[in-house]
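Quick notes on the structure that follows.
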Amino acid sequence: MGDSVACVARRGPASEVDFALIGHQESWRAAADVLAVLRGPERTPLPDDEIKDLLPWIPPRAVCHLNVGSIVGAKARGLYIDSFIPPDRLEAAYVHENIARVRGAAACAINTGAKIVSLGGFSSILIEGNFDQLPERHDTAFTTGNTLTVAFIVQGIKKLCALEGRNLQRSTLLIVGATGDVGSGCAHCLAPMVKRVLLSARNVERLRRLAAELQAQGVQVEIATSLQRFSAEADLVICAASLASPSLLLGQIAPGALVCDAGYPKNLSPRAELLGATVFFGGLGQITGGLRFAPDFHGILNRHPFPDVVHGCLLEGMALALEGRFEPFSQGRGSITRERVEEMEAIAARHGICLAPLYNADGPVEDGPHGQTEKQPMQETAGQKWIRE
Ligand SMILES: NC(=O)c1ccc[n+]([C@@H]2O[C@H](COP(=O)([O-])OP(=O)(O)OC[C@H]3O[C@@H](n4cnc5c(N)ncnc54)[C@H](OP(=O)(O)O)[C@@H]3O)[C@@H](O)[C@H]2O)c1
């Protein structure tokens, strides 16, 4: 395929790869765009049905080089490796196939001699944050990137509360996917700052354990496996469930609620009736020290309405590379503490990696040069249509 980057064994002193990012596409449109760049501009784009037939046969591979700069002058060189998990095959039925893809992508990263690898989205969920499931890692460290993700979710919630004049201390916070790595990290950071916390997930035992931990810290907590009662009671909502597609309806939401959708892929269904709520996509950061792709995947791998915006999970690997800390900063499930979030936040900020401007499917949600604060009903956009497809 065209001008792409081969995933060749390059271990040893000649290796110039500081970091590798492992990701997957959230929609067929995104996957089609990636394939179009890999095939090169001289070839006519493939029809959608051919792309859907072809993608499951593409093995994990590096698709481009990345150069990232820091505001204090550090530079790091990396690779983006796509596991090519088809966007409609994140379901449990494909778990073995997908774990094999993540392992293949990890082997690819290890072979290039990357010193640190970030596992984007489902790449870490599939192996449940357990790096023992990866191939022999030599000197390559892996991170799930979830600590920086939590940092940006929390920053986004605080920023929107400040913009809308909300008092965090008087708020009721609902976390969907509360017992996951991201959800529990958010709970540990935000629970001490709010009035009451509502935790939701499917497994009641894990919910009880998390609730007990928070209660021991004096937090007022309730748990439920159904959202029916919770949705209407919360004025802050974090959606961090590992859903294979945007299928979360949330139910009857409180008018004026602030809702952070941190899913990758997104959690919220385009059919969710969130009238009167302000929704933003959370866990995203922005690189201010410079980001270059070769070949040029700008706007294709990072499909956001603002420049150099990247998922927090992938940014963590870049931040650690710029800092020269090649270590498994985030691993396992449920071990993200407030102190670790602050530490990671400081590393990222030192290199100019900061919270991305807040936006949702309809555009920016904050005042400033990029847009205005608006209460947006969630309407299906062309992008979301592709996600569904
Ligand atoms: N924005 C970013 O940069 C970024 C970065 C990293 C991760 N993420 C995304 O954040 C989400 C969570 O990731 P994670 O690593 O925390 O995953 P995780 O550790 O696997 O946790 C997933 C959570 O969702 C719950 N859950 C799963 N299916 C559910 C369902 N159908 N209904 C309700 N709850 C459900 C799980 O509990 P039960 O199994 O008990 O239901 C668990 O609490 C994923 O979408 C991931 O891709 C985003």
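As the structure lists them, so they are numbered: ligands from 1, and atoms in each ligand from 1. Nothing here was measured: the structure is a model prediction, and the numbers come from that model. Positions are given from 1 along the sequence.
In terms of protein heavy-atom proximity, atom 48 (C) of ligand 1 is closest to A262 O, 3.0 Å. When only non-hydrogen protein atoms are considered, atom 36 (C) of ligand 1 lies nearest to T179 OG1, 4.2 Å. Shortest contact from atom 16 (O) of ligand 1 to any protein heavy atom: V182 N, 2.8 Å.
Using a distance-only test at 3.5 Å, with no hydrogens or angles considered, no donor-acceptor pair links the side chain of R338 to the main chain of P192. Within the 3.5 Å criterion, the main-chain N or O of N130 finds no donor-acceptor partner in the side chain of R333. No side-chain donor-acceptor contact under 3.5 Å links S171 to the backbone of L173. No donor-acceptor pair under 3.5 Å is formed between the side chain of D261 and the backbone N or O of V279. R292 contributes no side-chain N or O that, together with a main-chain N or O of N67, makes up a donor-acceptor pair within less than 3.5 Å. The backbone N or O of V102 lies less than 3.5 Å from no partner atom in the side chain of S83, so there is not a single donor-acceptor pair.
Residue G180 places at least one N or O, backbone or side chain, under 3.5 Å from an N or O of ligand 1. By the 3.5 Å distance cut-off applied to N or O atoms, L284 is not counted among the residues near ligand 1. Note: no N/O pair closer than 3.5 Å links H311 and ligand 1 by distance alone. At a 3.5 angstrom cut-off on N or O pairs, G263 does not count as close to ligand 1. At least one N or O atom of G177, backbone or side chain, sits closer than 3.5 Å to an N or O atom of ligand 1. Between Y264 and ligand 1, at least one pair of N/O atoms sits closer than 3.5 Å. For the pair G312 and ligand 1, the shortest N or O to N or O distance falls below 3.5 Å. For ligand 1, one of its N or O atoms has an N or O atom of G282 under 3.5 Å away. When only interatomic distances are considered, the shortest N/O to N/O separation between N267 and ligand 1 does not fall below 3.5 Å.
Two rings, from H24 and Y264, have their centers less than 6.0 Å apart.
Closest non-hydrogen pair, A349 versus I71, comes out as O-CD1, 4.0 Å.
Taking each of A241, G183, S330 in turn, the one with a heavy atom nearest to atom 26 (N) of ligand 1 proves to be A241. Ranked by closest heavy atom to atom 28 (N) of ligand 1, the top entry among R333, E205, R202, H24 is R202. If you check each of V176, L90, I125 against atom 44 (C) of ligand 1, the one with the closest non-hydrogen atom is I125.
Those atoms of ligand 1 that come under 4.0 Å of a heavy atom in L243, given as number and element, are 28 (N), 29 (C), 30 (C), 31 (N). Per-residue contacts place G121 under 4.0 angstrom from the following atoms of ligand 1 (heavy atoms of the residue considered): 47 (O).
Ligand 1 has no atom lying under 4.0 Å from any heavy atom of G145.
Only the side chain of R206 comes within contact range of ligand 1, with a heavy atom under 4.0 Å; no backbone atom does. Residue contacts with ligand 1 for T149 involve side-chain atoms from C-beta outward but no N, CA, C or O (heavy atoms, distance under 4.0 Å). The residue L314 has no part lying near ligand 1, judged by heavy-atom distances below 4.0 Å.
Remark: D18 CG to L320 CG distance equals 12.0 Å, nearest 0.5 Å.
Below 30°, between 30° and 60°, or above 60°: for Y359 and H304 the angle between ring planes is above 60°, a perpendicular geometry.
Under 4.0 Å is where a charged nitrogen must lie from a carboxylate oxygen, and between K52 and D48 no such pair does. Ionic pairing of R229 and E222 is present here: one or more N-O contacts between side-chain nitrogen and carboxylate oxygen are shorter than 4.0 angstrom.
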